[in-house]
Amino acid sequence: MAMPMRRTLAALHRATRSTLKSGDASLDVRHPVPLFLPVRTKKRYFIPPAVGLKETKRGNTEAKAQAAGIVFRQQYIERPINIACTAGIFDPYIPPEGDARLSTLSKEGLKQRTEQIKQSAASQLAIRKIKEHDSHFTSKNFAEQAQEIFIEAHHALTQFNKEKLHSLVTERCYPEMTRGNRYKTIHWRFIESLEPPKVVHARCPDMVSKGNLYGQVTVRMHSKQTLAIYDRFGRLMLGSEEQPKDVLEYLVIERHLVNPYGRWRLHGKIVPSWAPAKDPIIKTVMIPGPELKPGQEFDALNYQVPKPEAVQWNK
């Protein structure tokens with residue numbers, strides 16, 4: 001039974017070969033089990049360069065990433081800027097020396113009076129522009145509003161309320177008020193106004209584009225305040241809580257006029273060149289004492305503080 005079966009298969013094989021050689025395509029011969037050849041496909045992932053190796057060309061890296069199907073994000077060279085406030089004080093107000101009016105009969109007094117007329121004319125034009133965007137703006141009421149902003153901002157500074165402080169001061173003024181106050185305790189108190197606040201200067205600068213207007217108003221404020229700053233160990237560094245001082249300040253309040261949701265915020269302070277110098281900060285340092293043996297007491301009366309060695313330094 002096996003021999004006829006083998007002969008039948010051999011005959012069928014010879015017939016199939018002869019048919020394929022003759023070019024007859026009518027007979028479709030397929031293998032019962034299809035064969036699959038494993039072919040290695042192309043890698044579709046991007047391996048970033050290792051750390052510490054020498055930098056390769058950027059074009060080569062971008063070409064490899066593009067071949068892997070990764071698109072590099074475009075890098076912009078421009079610096080981001082904040083247009084919620086200006087970068088400084090435009091045309092700052094120059095207070096007269098000693099905050100007094102000189103006689104117009106003298107040369108300096110005549111010059112001072114001429115400069116005041118020029119400044120007041122420019123301020124009136126700026127106030128007119130501010131009123132176009134803020135219909136409730138008046139010089140008398142704004143001076144009191146600026147004083148309230150100043151008091152609330154300093155209360156928020158003493159309480160370290162960042163959210164409220166950001167709503168009361170501009171992005172330029174915030175780092176100047178909070179720099180170096182991380183480990184310090186501030187006690188500030190507003191006692192009274194010696195003179196009513198007064199608007200002395202106003203400007204309406206623009207930034208980036210011509211119609212992007214900002215309003216800057218300078219307010220003169222003469223008041224009595226107390227300030228005491230303590231370090232992280234509770235030692236007094238500056239001022240006193242019990243001794244009030246008369247303070248004359250020129251505050252700059254700014255608002256983004258084009259923004260309908262803008263509000264007046266503290267932008268800076270003008271310190272005249274003739275202002276007296278600030279009080280020095282009292283720095284506390286630790287003086288190393290003598291090494292005591294067990295059971296030995298320290299005699300502070302007979303101890304002499306060693307003088308530090310002279311060290312050359314530069315600034």
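Note that the structure is predicted; figures quoted are calculated from it, not measured.
Nearest heavy atoms, G268 versus R172: CA-NH1, 3.9 Å. Taking each heavy atom of V199 and S139 in turn, the nearest pair found is CG2-O, 3.4 Å. When every heavy atom of P197 is checked against every heavy atom of A143, the shortest pair comes out as O-CB, 3.4 Å. Taking each heavy atom of A153 and M177 in turn, the nearest pair found is O-CE, 4.4 Å. Summarising the geometry of C204 relative to L213, their closest heavy-atom pair is O-CD2, 4.2 Å, with the distance given to 0.1 Å. Taking every heavy atom of both residues into account, V258 and G211 meet most closely at CG2-O, 3.2 Å.
Atoms CZ and CD, on R263 and Q145 in that order, are 9.5 Å from each other to the nearest 0.5 Å. In this structure, the separation between CD1 on I151 and CG on L266 is 12.0 Å, given to the nearest 0.5 Å. Between the CD atom in E249 and the NE2 atom in H222 there is a gap of 10.0 Å [rounded to 0.5 Å]. Once rounded to the nearest 0.5 Å, the distance linking CZ of R189 with NZ of K224 reads 11.0 Å. The line from CG of D91 to OG1 of T218 is 9.0 Å long, rounded to the nearest 0.5 Å. A distance of 10.5 Å separates OG of S223 from CD of E195, quoted to the nearest 0.5 Å.
The hydrophobic cluster containing I186 does not contain L236, counting ILVMFWY residues as joined when their side-chain heavy atoms lie under 4.5 angstrom apart, directly or transitively. Hydrophobic clustering of Ile, Leu, Val, Met, Phe, Trp and Tyr side chains at less than 4.5 Å, counting indirect connections, keeps Y93 apart from F90. Hydrophobic clustering (ILVMFWY, side-chain heavy atoms < 4.5 Å, transitive): W188 and V169 are in one cluster. Criterion: ILVMFWY side-chain heavy atoms under 4.5 Å apart, direct or through other members. Under it, V200 and I89 are part of a common hydrophobic cluster. When hydrophobic clusters are built by joining Ile, Leu, Val, Met, Phe, Trp and Tyr residues whose side-chain heavy atoms come closer than 4.5 Å, directly or via intermediates, I130 is not grouped with Y214.
Under a 3.5 Å cut-off, the side chain of W274 and the backbone N or O of P96 do form a donor-acceptor pair. For Q296 (side chain) and K293 (main-chain N/O), a donor-acceptor pair under 3.5 Å exists by modelled atom type. Judged by distance alone, the side chain of D231 and the main-chain N or O of G234 form a donor-acceptor pair under 3.5 Å. At distances below 3.5 Å, not a single donor-acceptor pair connects side-chain atoms of N141 with backbone N or O atoms of F137. Remark: the backbone N or O of M207 is paired with a side-chain donor or acceptor of N212 at under 3.5 angstrom. Counting only distance, with no hydrogens or angles, the side chain of H256 and the backbone of G215 share no donor-acceptor pair below 3.5 Å.
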Check the pair F150 / I253 against side-chain contact (heavy atoms from CB on, under 4.5 Å), numbers first and verdict last. CA-CA 9 Å; F150 173 79; I253 314 296; over 6 Å; no
Check against side-chain contact (heavy atoms from CB on, under 4.5 Å), H133 and R255:
CA-CA 10 Å; H133 297 83; R255 178 183 175 181; over 6 Å; no
* Could you walk me through whether R265 and L168 pass the side-chain contact (heavy atoms from CB on, under 4.5 Å) check? -> CA-CA 5 Å; R265 297 185 294 174; L168 295 170; 5.9 Å; no
Exercise for review: Please lay out, stage by stage, how W264 and D134 fare under the test side-chain contact (heavy atoms from CB on, under 4.5 Å).
Suggested key: CA-CA 11 Å; W264 291 102; D134 187 4; 3.2 Å; yes
Practice problem: Verify salt bridge (Lys or Arg N to Asp or Glu O under 4.0 Å) between K129 and D206, making sure each step is shown before the conclusion. | Solution: CA-CA 12 Å; K129 281 187 180 180; D206 51 7; over 6 Å; no
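K184 has its side chain out of reach of R232: every pair of non-hydrogen atoms, C-beta onward, lies at least 4.5 Å apart. Side-chain atoms of Q119 and I117, non-hydrogen and from C-beta on, never get closer than 4.5 Å to each other. Side-chain contact between I270 and H201 is absent, with no heavy-atom pair separated by less than 4.5 Å. Side chains of Y174 and T178 form a contact here, defined as non-hydrogen atoms less than 4.5 Å apart. Between Y250 and V271, every side-chain heavy-atom pair lies at or beyond the 4.5 Å cut-off.
No side-chain N or O of T226 forms a donor-acceptor pair with one of Q243 less than 3.5 Å apart. With 3.5 Å as the limit, one finds no donor-acceptor pair spanning the side chains of S240 and E242.
Applying the side chain to side chain contact (heavy atoms under 4.5 Å, CB included) criterion to A122, with sequence neighbours excluded, gives R203. Remark: K131 engages no residue in a salt bridge (Lys or Arg N to Asp or Glu O under 4.0 Å) (not counting sequence neighbours). Qualifying side-chain hydrogen bond (donor to acceptor under 3.5 Å, both in side chains) partners for T86, counting only residues two or more places apart in sequence or in other chains: Q216, E254, H267.
Residues E144 and K198 are not paired through a salt bridge, judged by the lack of any N-O separation under 4.0 Å between the basic side chain and the carboxylate. A salt bridge links K245 to D279: one of the charged nitrogens lies within less than 4.0 Å of a carboxylate oxygen.
The aromatic ring centres of F190 and H154 sit 6.0 Å or more apart.
Counting non-hydrogen atoms of other residues, nucleotides and ligands closer than 6.0 Å to CD1 of I191 gives a total above 12.
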